[in-house]
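Here the structure is laid out as structure tokens; the discussion comes afterwards.
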Amino acid sequence: MNIFQEIQQQVQQAFPALFGSEVELNKITINETPKEFSGDITLVVFPLLKLTKKNPEESAKTIGEYLVANNKNVAEYNIIKGFLNLEIKNEYWVDYVVNGRQSTVDSRQKETILIEYSSPNTNKPLHLGHVRNNVLGFALAGIYKANGHEVIKANLINDRGIHICKSMLAWQKFGNGETPESTGLKGDKLVGKYYVEFDKHYKKQIEEIIVQGKTKEEAEKQAPLLLEAQEMLLKWEKGDAATIELWKTMNSWVYAGFDITYKNLGVDFDKFYYESDTYLLGKDIVEEGLQNNVFFKKEDGSVWIDLTADGLDQKIVLRADGTSVYITQDIGTADLKYKDFKMDQSFYVVGNEQDYHFKVLKLILQKLGKPYANGIQHFSYGMVDLPSGKMKSREGTVVDADDLIDDMIASAKEQTEALGKIDDFTEEEKTALFKTIGLGALKFFLLRVDPKKRILFDPKESIDLHGYTGPFVQYTYARTRSILRKSQDAEIKHQDLNAEYKLHPSELELIKVLYKYPIVLADSCREMNPAKLIDYAYEIAKTYNKFWHDCTILAAEREDEKNFRLLLTEQTGNIIKQSFAIVGIDVPERM
RNA sequence: GGACCUGUAGCUUAACUGGAUAGAGCAUCGCACUACGGAUGCGAAGGUUAGGGGUUCGACUCCCUUCAGGUUCACCA
């Protein structure tokens, strides 16, 4: 319980006695008071007027007087138009700091949640779009964990299919036996190189065929390279030993490459699913759906579902030859996940270009009456676009994940060394620090935007390290650590502090921000939005810096002042560290 | 063509889900420190919230409409 909820409930309980009618809790809107008005908490009375049967002023006055008389923490009130501003007693805030955090949020039931994210294809390296996915997925998992839920992080690796065969075929034809060892290339880069290579030759063949008088569509279907790739896929499906061998080898290169990128990004997984294991799943469920008349069979033998009543189209779920389509696999995998984990909710961190697909998937599972259907949620995020448009691996117009990470670390290094504050660091310490700062800047940059919105990334403009950024918050953390190191007393003397302590405005402002931490944490979970927590971390840093500027800490005039401010400093540092850790950003002791 | 998403200062963005004078950062201009970390703080300027209409005490937020951009509607994944 926190003071906002407390007052809200108190008003609800007193309402019948004050006004002679019941009121719903959500009608009582409680906000922070904007800075330009006096007070800490604001109750908006407009929505209550029909129930109070009085004008705004009188209604507010009645509630205000009731609270001052009956809530020991409310000092006074003022009314401006229909807004009742409540001032909380100094002691309440002081006590909050001195005796540790008390504000909590009455949370909903704890659940088991499976979060699938990352889910790469094994035919090319990761790019900036994947980085956004990984960073978002990891942060979302962290937020749910921090709110007490059980979280399983899953990665469904798309390790088979025609696109994989394209890389394999191109390597076979043009690779001259190259390996990561022989070339010094990272495994995923090497495989990606041949994916591009395939496309190059394929396009050439198409042109040649068009010259012979065929249409573009015909040419695309008839190009020998494509036919060969399709043949290879068939061989793979039949379990042809040589094909499987090549597939295993090249995938192992890719995994070695991914491991490095994942490690640099600091993301991890509890469970891996491989599409080569799951691509045949779902067929039995289609059969089940046919029995229940959820699906129907067309004359050619293909199986469909009619979703026109739900405003969507007809959707095929099984080809005439009995083979699966994408959604068949997803149905099967959803079922497998439930068998494995019996989760209450299942999130898919997947780009918004698949909005329609997931709408269909959920609807199908609902119509099949699956117990997990309602718990399925597509965590849909916007694409990362370049000024030139969409990133396309085949055309090489991508911002490579590893390159980007290297660039970020390099610019962190440059800026940090220019300031000359860490000349006594060992090389190892420096390397670690540059990584902390560089990745902090990158992750902050990707997380600060509402996930739903697309991000425009201009490679020519480097990601900022000043202002509303990760390093700004990290810097503030390092400041708090610096002060605490310098404070003579290893321990802060709580006994010097008492509720009579008179707060400086900047202290009060900081306390109110710290106080909100559990509320923000709960909000960012409820709204599934890591940006909330990022924005909050920035708010703490900014508020602390103002406090720092206005209030002398170590050289404070009185002992209780010094101790109180050290305590605030310590708590600020802790909350910055915690909130950043939740979304996967590190903080340095010095920078 | 149908469906969905987006549009806020020059740029990048926020606004507690309908609340007070739309809040930040970058860039621009001007201030502040012989102090504990200047990757700082304070201030100025910058807005018809794409346009129009509606709903009400009150609209960036909800409804209608127009415009602009994007995604999707594959027996690809």
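In what follows, chains are A, B, ... by sequence order, proteins preceding strands, each numbered from 1.
Distance noted for atom C1' between B/rU49 and B/rC60: 5 Å (whole Å). The P atoms of B/rA24 and B/rC63 are separated by 29 Å, rounded to the nearest whole Å. The gap from the P atom of B/rA50 to that of B/rC16 amounts to 16 Å, rounded to the nearest Å.
Between A/Arg479 and the phosphate of B/rG41, there is no side-chain N or O to OP1/OP2 separation shorter than 4.0 Å. For the OP1/OP2 pair of B/rG7 and a distance below 4.0 Å, the side-chain nitrogens and oxygens of A/Lys453 include at least one atom meeting the criterion. Dashed line: the shortest gap from a side-chain N or O of A/Ser482 to OP1 or OP2 of B/rG37 is under 4.0 Å. One finds a side-chain N or O of A/Lys486 lying less than 4.0 angstrom from the OP1 or OP2 phosphate oxygen of B/rG37. OP1 or OP2 of B/rU40 has not a single side-chain nitrogen or oxygen of A/Lys542 nearer than 4.0 Å. Distances shorter than 4.0 Å separate some side-chain N or O of A/Lys532 from OP1 or OP2 on B/rA15. Considering only side-chain N and O atoms, A/Lys81 lies under 4.0 angstrom from the phosphate OP1 or OP2 of B/rU21.
A donor and an acceptor atom never sit less than 3.5 Å apart when one is taken from the side chain of A/Asp321 and the other from the base of B/rC75. The base of B/rG37 sits within donor-acceptor range of the side chain of A/Lys421, with an N or O pair under 3.5 Å. Side-chain to base pairing of A/Thr42 with B/rA20: one donor and one acceptor N or O lie within less than 3.5 Å of each other.
A donor-acceptor pair shorter than 3.5 Å cannot be found between the side chains of A/Asp586 and A/Thr436.
When heavy atoms are screened at a 4.0 angstrom cut-off, A/Phe472 is found touching the sugar-phosphate backbone but no base atom. Here A/Ile519 lies out of heavy-atom contact (under 4.0 Å) with every strand. Heavy atoms of A/Phe37 sit under 4.0 angstrom from at least one base atom. Residue contacts for A/Gln474: at a heavy-atom cut-off of 4.0 Å it reaches no nucleic acid atom on any strand shown. At the heavy-atom level, A/Pro56 lies nowhere under 4.0 Å from the strands shown. At the heavy-atom level, A/Met591 lies under 4.0 Å from base atoms of the strands shown. A/Thr469 comes within contact range of no nucleotide atom at all, as no heavy-atom separation falls under 4.0 Å. A/Asp450 comes within 4.0 angstrom of the backbone, heavy atoms only, and of no base.
For the pair A/Arg160 and A/Tyr279, the cation sits on the ring face: its NZ or CZ lies under 6.0 Å from the ring centre, inside 45° of the axis.
Residue A/Phe46 and nucleotide B/rC57 are classified as a stacked aromatic pair, their ring centres being separated by less than 5.5 Å at an interplanar angle below 30°. Residue A/Tyr538 and nucleotide B/rA24 are not classified as a stacked aromatic pair, given the requirement of ring centres less than 5.5 Å apart at an interplanar angle below 30°.
Atom CD in A/Glu527 sits roughly 18 Å away from atom P in B/rU61 (whole-Å rounding). Spacing between atom NZ of A/Lys166 and atom P of B/rC76 amounts to 12 Å, rounded to whole angstrom units.
Remark on RNA chain B: of its neighbouring residues A/Arg590 and A/Asn85, the 5'-side contact belongs to A/Asn85, judged by nearest-heavy-atom nucleotide.
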Q: Start with the C-alpha distance between A/Glu32 and A/Lys512, add both sets of side-chain angles, then the distance that settles side chain to side chain contact (heavy atoms under 4.5 Å, CB included), and finish with yes or no.
A: CA-CA 9 Å; A/Glu32 293 167 51; A/Lys512 286 200 268 185; over 6 Å; no
Q.
What verdict does the side chain to side chain donor-acceptor pair (under 3.5 Å) test give for A/Tyr273 and A/Ser119, after you've listed the backbone C-alpha separation in whole Å, the side-chain angles of each residue and the deciding distance to 0.1 Å?
A. CA-CA 9 Å; A/Tyr273 288 104; A/Ser119 300; over 6 Å; no
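For A/Ile553, whose side chain is taken as the heavy atoms from C-beta onward, the closest listed nucleotide among B/rC36, B/rG19, B/rG41 is B/rC36. With B/rC36, B/rU12, B/rA77 as the choices, the nucleotide that has an atom nearest any side-chain atom of A/Gln354 turns out to be B/rA77.
Glycosidic torsion of B/rU17 falls within 90° of 0, placing the base in syn.
For an aromatic pair to be called close, the ring centres must be under 6.0 Å apart, and A/Tyr475 with A/Phe472 fails this.
In this pair, A/Tyr274 and A/Phe272 present their aromatic rings parallel. The plane angle is below 30°, not in the 30 to 60° band.
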